[in-house]
Amino acid sequence: EDVTNIDSVGLVTARQGIEIGASPGVGASISVDGNAIFSGITTATTLRAPTGIVTALRTNKVSVGDSPEVIAVGVGSDLQLYHDGDNTTLLNSTGVMTLKNTGAGKLQLMTQGSQDVEIKTNNELSIKCNDDGAVELYHDASKKLETSSSGVTVTGTVAATSYTGSGANLTGISAGILAMNLRLDGN
């Protein structure tokens, strides 16, 4: 027997192929295999996944458990945010990833406690900011510039188009200026 409309207060038992609600994509439907499809705005206070991970949706936060790929955005999960209990990773697998501040304030990378900040390209160190210490710049994983409390140390050649200052305290270079006066009066 094909039953298309049931109005019940209480328990309904069905054997197979049951959909409750409208057609998929129109309103909401729940199939016998456990798939729920909702269209439009859906409001929930708690969602439980089959693995027992509790996701709490509130007006001020989303809470999810520890596991890889906890939050994924995009059809191919191109943007992922996950936490394994010890470390947190924001992973972008396509295109350019931009952190943009459009307000009047500044964009900060900040650590609390004695942690360094490192910027790497293809897992090669480019910039390292040591906690309460030096800032280091690298070229092809080789340190080229390092700040210290007394100044800057450069490894390699320094090329400049201009220099200001007397240079009186420069060391390790040949000092001397060749001065030449040239008379252009015909004699």
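Quick caveat, the model's predicted, so the values are computed rather than measured.
With hydrophobic clusters built from ILVMFWY side chains whose heavy atoms lie under 4.5 angstrom apart, L81 shares a cluster with L79. If you chain together hydrophobic residues whose side chains sit under 4.5 Å apart, V73 and M97 fall into the same group. If you chain together hydrophobic residues whose side chains sit under 4.5 Å apart, V152 and V135 never meet in one group.
A side-chain donor-acceptor contact under 3.5 Å links S93 to the backbone of D78. Counting only distance, with no hydrogens or angles, the side chain of E146 and the backbone of K143 share no donor-acceptor pair below 3.5 Å. Proximity of a side-chain donor or acceptor of N92 to a complementary backbone N or O of T94 within less than 3.5 Å is detected.
Remark: T153 OG1 to E136 CD distance equals 10.5 Å, nearest 0.5 Å. From Y82, atom OH reaches atom CG of L91 across 5.0 Å, with rounding to the nearest 0.5 Å. Here the OG1-NE2 distance, from T89 to H83, works out to 9.5 Å after rounding to the nearest 0.5 Å.
Inter-residue side-chain proximity for K144 and L137 is flagged as unmet; no heavy-atom pair is nearer than 4.5 Å.
Grouping Ile, Leu, Val, Met, Phe, Trp and Tyr by side-chain contacts under 4.5 Å, direct or through others, leaves V96 on its own.
Other residues, nucleotides and ligands place no more than 12 heavy atoms under 6.0 Å from the CG atom of L109.
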side-chain contact (heavy atoms from CB on, under 4.5 Å) between I71 and Q80: does it pass, once the steps are laid out?
-> CA-CA 6 Å; I71 298 175; Q80 298 172 8; over 6 Å; no
In residues 116-129, what donor-acceptor pairs under 3.5 Å come from side-chain atoms, sequence neighbours left out?
unit_1, atom_1, unit_2, atom_2, d
D116, OD1, D131, N, 2.8
T121, OG1, S126, OG, 3.4

